[in-house]
Enquirer: 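Handing you this structure, nothing more for now.
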Amino acid sequence: MVEFLGFVSGALATFAFVPQVIRVWKMKPAPATAISLPMYAVFCLGVLGWLFYGILIGSLPVMVWNIITFMLALSVLLYKKIYG
């Protein structure tokens, strides 16, 4: 039950990020100036920290969702670097 809660919560938190990523990539380069480079850089580092934490404690939900979240956040960060 605990793992299930982790998977559902991780899915909700991760997929809440997807519409933003889609919007940013569809509207290029317009939203590039509105994206905070420091915020996304720090966010990516934080997500990597959670990923390593998940690895250390052996929590599959923490690992899976933070890999996906990192890839989504990194795509926005790269967008900012390319178009911003």
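Everything numeric in this text was worked out from a predicted model, so none of it was measured. For the numbers below, each heavy atom of this structure counts, side chains included, while hydrogens, waters and symmetry mates do not.
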Enquirer: Evaluate the criterion side chain to side chain contact (heavy atoms under 4.5 Å, CB included) for residue pair L78 and L74; output intermediate values, then yes/no.
Expert: CA-CA 6 Å; L78 292 173; L74 185 62; 4.2 Å; yes
Enquirer: Could you give the distance from OG1 (T14) to CE (M71), rounded to the nearest 0.5 Å?
Expert: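 Here the interatomic distance stands at 10.0 Å.
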Enquirer: Kindly work out whether a path of hydrophobic side-chain contacts (I/L/V/M/F/W/Y, heavy atoms less than 4.5 Å apart) joins L56 to V64.
Expert: no
Enquirer: V21: what forms a side chain to side chain contact (heavy atoms under 4.5 Å, CB included) with it, not counting sequence neighbours?
Expert: F17, W25, L72, S75, V76
Enquirer: Mind checking whether V42 and Y53 sit in one hydrophobic cluster, side chains of I, L, V, M, F, W, Y counted as touching below 4.5 Å?
Expert: no
Enquirer: Can M39 be reached from V47 by stepping across I, L, V, M, F, W or Y side chains whose heavy atoms are under 4.5 Å apart?
Expert: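 Yes, V47 connects to M39 through the hydrophobic network.
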Enquirer: Which heavy atom in G6 sits nearest to a heavy atom in W65, and how many Å separate them?
Expert: O-CD1, 4.0 Å
Enquirer: Would a single hydrophobic cluster contain both L12 and V18, if residues Ile, Leu, Val, Met, Phe, Trp and Tyr are joined by side-chain heavy-atom contacts under 4.5 Å?
Expert: no
Enquirer: For S59, enumerate each residue passing the side-chain hydrogen bond (donor to acceptor under 3.5 Å, both in side chains) test, keeping only those at least two apart in sequence or located in another chain.
Expert: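 Applying side-chain hydrogen bond (donor to acceptor under 3.5 Å, both in side chains) to S59 gives none.
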Enquirer: Using every non-hydrogen atom in the two residues, find where W50 and V62 come nearest and quote the distance to one decimal.
Expert: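 Distance-wise, the nearest heavy atoms are O-CG1, 3.3 Å.
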Enquirer: Measure the spacing between CZ of F15 and CD1 of I68 and express it to the nearest 0.5 Å.
Expert: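 It is 5.5 Å, given to the nearest 0.5 Å.
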Enquirer: If you look at every heavy atom in M63 and G54, which pair is closest and at what distance?
Expert: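 Closest approach of M63 to G54: CG-C, 3.6 Å.
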Enquirer: Got a sec, which hydrophobics cluster with L5, joining ILVMFWY side chains under 4.5 Å apart, including via others?
Expert: none
Enquirer: Could you measure the distance from the CD1 atom of I55 to the CG atom of L60? Nearest 0.5 Å is fine.
Expert: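 Going from the CD1 atom of I55 to the CG atom of L60 covers 11.0 Å.
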Enquirer: Locate the shortest heavy-atom distance separating Y40 from A73; write the atom from each residue and the value.
Expert: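 Scanning both residues, the minimum pair turns out to be CD2-O, 3.9 Å.
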Enquirer: When you group the ILVMFWY residues by side-chain heavy-atom contacts below 4.5 Å and let the links chain together, are I57 and L51 in the same group?
Expert: no
Enquirer: As a quick check of understanding, evaluate side chain to side chain contact (heavy atoms under 4.5 Å, CB included) for F43 and T69, giving each step before the final call.
Expert: CA-CA 10 Å; F43 183 72; T69 302; 4.0 Å; yes
Enquirer: Over 60° means perpendicular and under 30° means parallel, so classify the ring planes of Y83 and Y79, tilted if in between.
Expert: tilted
